[in-house]
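See below for the structure under consideration.
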Amino acid sequence: MTDTPTALVDGQLLNVGDLPLRVRVSSRRTRLGLTVERDGTVTVRVPEGCSAGRAEEFVRAHRSWIEEKSRVRDRFRPAHPSRALVDGAVFRYLGREYRLLLDDSGGPVRLAAGRLRLDRTLAADGAAGRDAIIEWYRNAGMKWAAGRLQPWAARMAVPEPAVDVRGLGQRWGVYTPGEAGTEGRMSLHWAVFQLPIRLVDYVIAHELAHLRVAGHGPDYWRLLRRALPECERLKAELDDMGRRVWLGDGTELQG
């Protein structure tokens, strides 16, 4: 009697030789796929019921592709800047530059009269100041995205998912399918709202396309290209500009 191969589980670690891969399982997939993430980690995307043996064979067959993509990622390794919480420090919102102004308001971070205003007591505590600015990006981004999502969903003929704005590590956006009969949820990285509007729109459209097609195969790019003909150019621009986006690092007050 032959044992039935054990199916891979979403989130588990799979080692193929000296290469560790994170497993992502989706009921919407029919084929296997690979992604070299922005931080250099590799993800293997598989349909439900896929065995470890099948995934390992797929990875070995595409090892040269993984190595080439990894070399490209190394050439474009992120060089995210730090920010000191001092008067005049530059923060970007939707592609425009705003200089920081420290005040004694005691209130939350706000954008007023062309300046991003932060209470100097918060600025004196690097972590608290950083968290306050990140919270401002979350709130401002959420309000902006709430009015942007519906036109893009209509343009792409997909339902409008729920949306939230939070930290996503090395990803700009994530779409999580919902249970049967629901539209799922789109999450956007708070840091993406530093980028020009055209690139935030690209991230939104990119994630909305996943409501129709899982993964990033030819069908996915055909769908995205119909809604956004310049998607390849925008992707390249995002890869370049995204390397220089502030991700919350280095906000200690410098004397």
Side-chain angles (χ1 to χ4, degrees), residues 37-41 76-149 152 161-176 185-207 234-235 237-255:
E37 308 291 354
R38 292 173 59 234
D39 63 357
T41 61
F76 293 98
R77 187 174 297 279
H80 299 293
S82 61
R83 288 287 184 273
L85 298 188
V86 296
D87 277 316
V90 174
F91 289 83
R92 290 177 174 81
Y93 177 60
L94 297 178
R96 297 187 64 181
E97 292 187 352
Y98 297 93
R99 293 193 176 275
L100 190 66
L101 177 64
L102 303 185
D103 60 25
D104 298 304
S105 65
V109 177
R110 65 204 183 283
L111 189 62
R115 302 291 293 270
L116 188 66
R117 295 168 180 256
L118 171 68
D119 181 79
R120 68 179 69 253
T121 302
L122 286 175
D125 180 337
R130 174 201 64 200
D131 292 345
I133 292 176
I134 289 173
E135 183 66 13
W136 178 81
Y137 273 114
R138 289 184 65 252
N139 292 332
M142 187 71 190
K143 290 177 183 177
W144 189 88
R148 204 73 171 183
L149 199 61
W152 275 106
V163 64
D164 62 48
V165 177
R166 55 190 176 89
L168 293 174
Q170 295 293 320
R171 306 188 71 174
W172 297 123
V174 174
Y175 171 68
T176 304
R185 175 173 294 275
M186 176 193 298
S187 298
L188 300 172
H189 198 311
W190 62 264
V192 80
F193 294 98
Q194 297 169 63
L195 295 167
I197 288 174
R198 64 184 179 278
L199 299 184
V200 186
D201 277 342
Y202 167 79
V203 173
I204 290 173
H206 182 104
E207 298 306 328
L234 292 172
K235 179 182 184 302
E237 189 176 356
L238 177 62
D239 288 343
D240 179 48
M241 291 189 67
R243 298 173 58 240
R244 297 184 290 277
V245 164
W246 179 67
L247 293 180
D249 298 325
T251 58
E252 293 78 9
L253 181 65
Q254 296 180 355

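Numbering starts at 1 and runs along the sequence shown.
Residues forming a side-chain hydrogen bond (donor to acceptor under 3.5 Å, both in side chains) with R92 (at least two apart in sequence, or on another chain): E97. Not a single side-chain hydrogen bond (donor to acceptor under 3.5 Å, both in side chains) links R117 to another residue, sequence neighbours left out. Every residue meeting the ring-ring contact (aromatic ring centres under 6.0 Å, His included) condition with Y93, not counting sequence neighbours, appears here in chain and number order: W136. Residues passing the side-chain hydrogen bond (donor to acceptor under 3.5 Å, both in side chains) test with R110 are D103, S105, sequence neighbours excluded. Here A132 pairs with V109, L118, L122 under the side chain to side chain contact (heavy atoms under 4.5 Å, CB included) rule; sequence neighbours left out. The salt bridge (charged side-chain N to carboxylate O under 4.0 Å, His left out) test applied to R185 returns D164, not counting sequence neighbours. Residues passing the side chain to side chain contact (heavy atoms under 4.5 Å, CB included) test with A89 are V86, F91, L100, sequence neighbours excluded. Remark: Y202 pairs with H206 by the ring-ring contact (aromatic ring centres under 6.0 Å, His included) rule, at least two apart or across chains.
Taken to the nearest 0.5 Å, the CG atom of D240 stands 10.0 Å off from the CG atom of L199. Atom CG of L247 is separated from atom CG of L168 by 11.0 Å, given to the nearest 0.5 angstrom. Annotation: the span from I204 atom CD1 to W172 atom CH2 amounts to 14.0 Å, rounded to 0.5 Å. Distance check: R166 CZ to I134 CD1 gives 14.0 Å after rounding to the nearest 0.5 Å. Here the CG-CG distance, from D125 to L85, works out to 9.5 Å after rounding to the nearest 0.5 Å.
A salt bridge does not link D239 to R243: none of the charged side-chain nitrogens sits closer than 4.0 Å to a carboxylate oxygen.
Ring pair Y137/W246 is tilted by interplanar angle, where 30° to 60° counts as tilted.
Contact between Y175 and P161 at its shortest, heavy atoms only, is CE1-CB, 4.3 Å.
Between the side chain of R99 and the backbone N or O of R115 there is no donor-acceptor pair closer than 3.5 Å. Of the possible donor and acceptor atoms, one in the side chain of R120 sits under 3.5 Å from a partner among the backbone N and O of L102.
Residue pairs meeting the salt bridge (charged side-chain N to carboxylate O under 4.0 Å, His left out) criterion with at least one partner in residues 186-201, sequence neighbours excluded, are R148-D201, R198-E237.
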Task: From CA spacing to verdict: side chain to side chain contact (heavy atoms under 4.5 Å, CB included), V90, Y98 - done: CA-CA 6 Å; V90 174; Y98 297 93; over 6 Å; no
Which atom pairs, donor and acceptor, lie under 3.5 Å between side-chain atoms of residues 140-147 and protein residues at least two apart or in another chain?
none

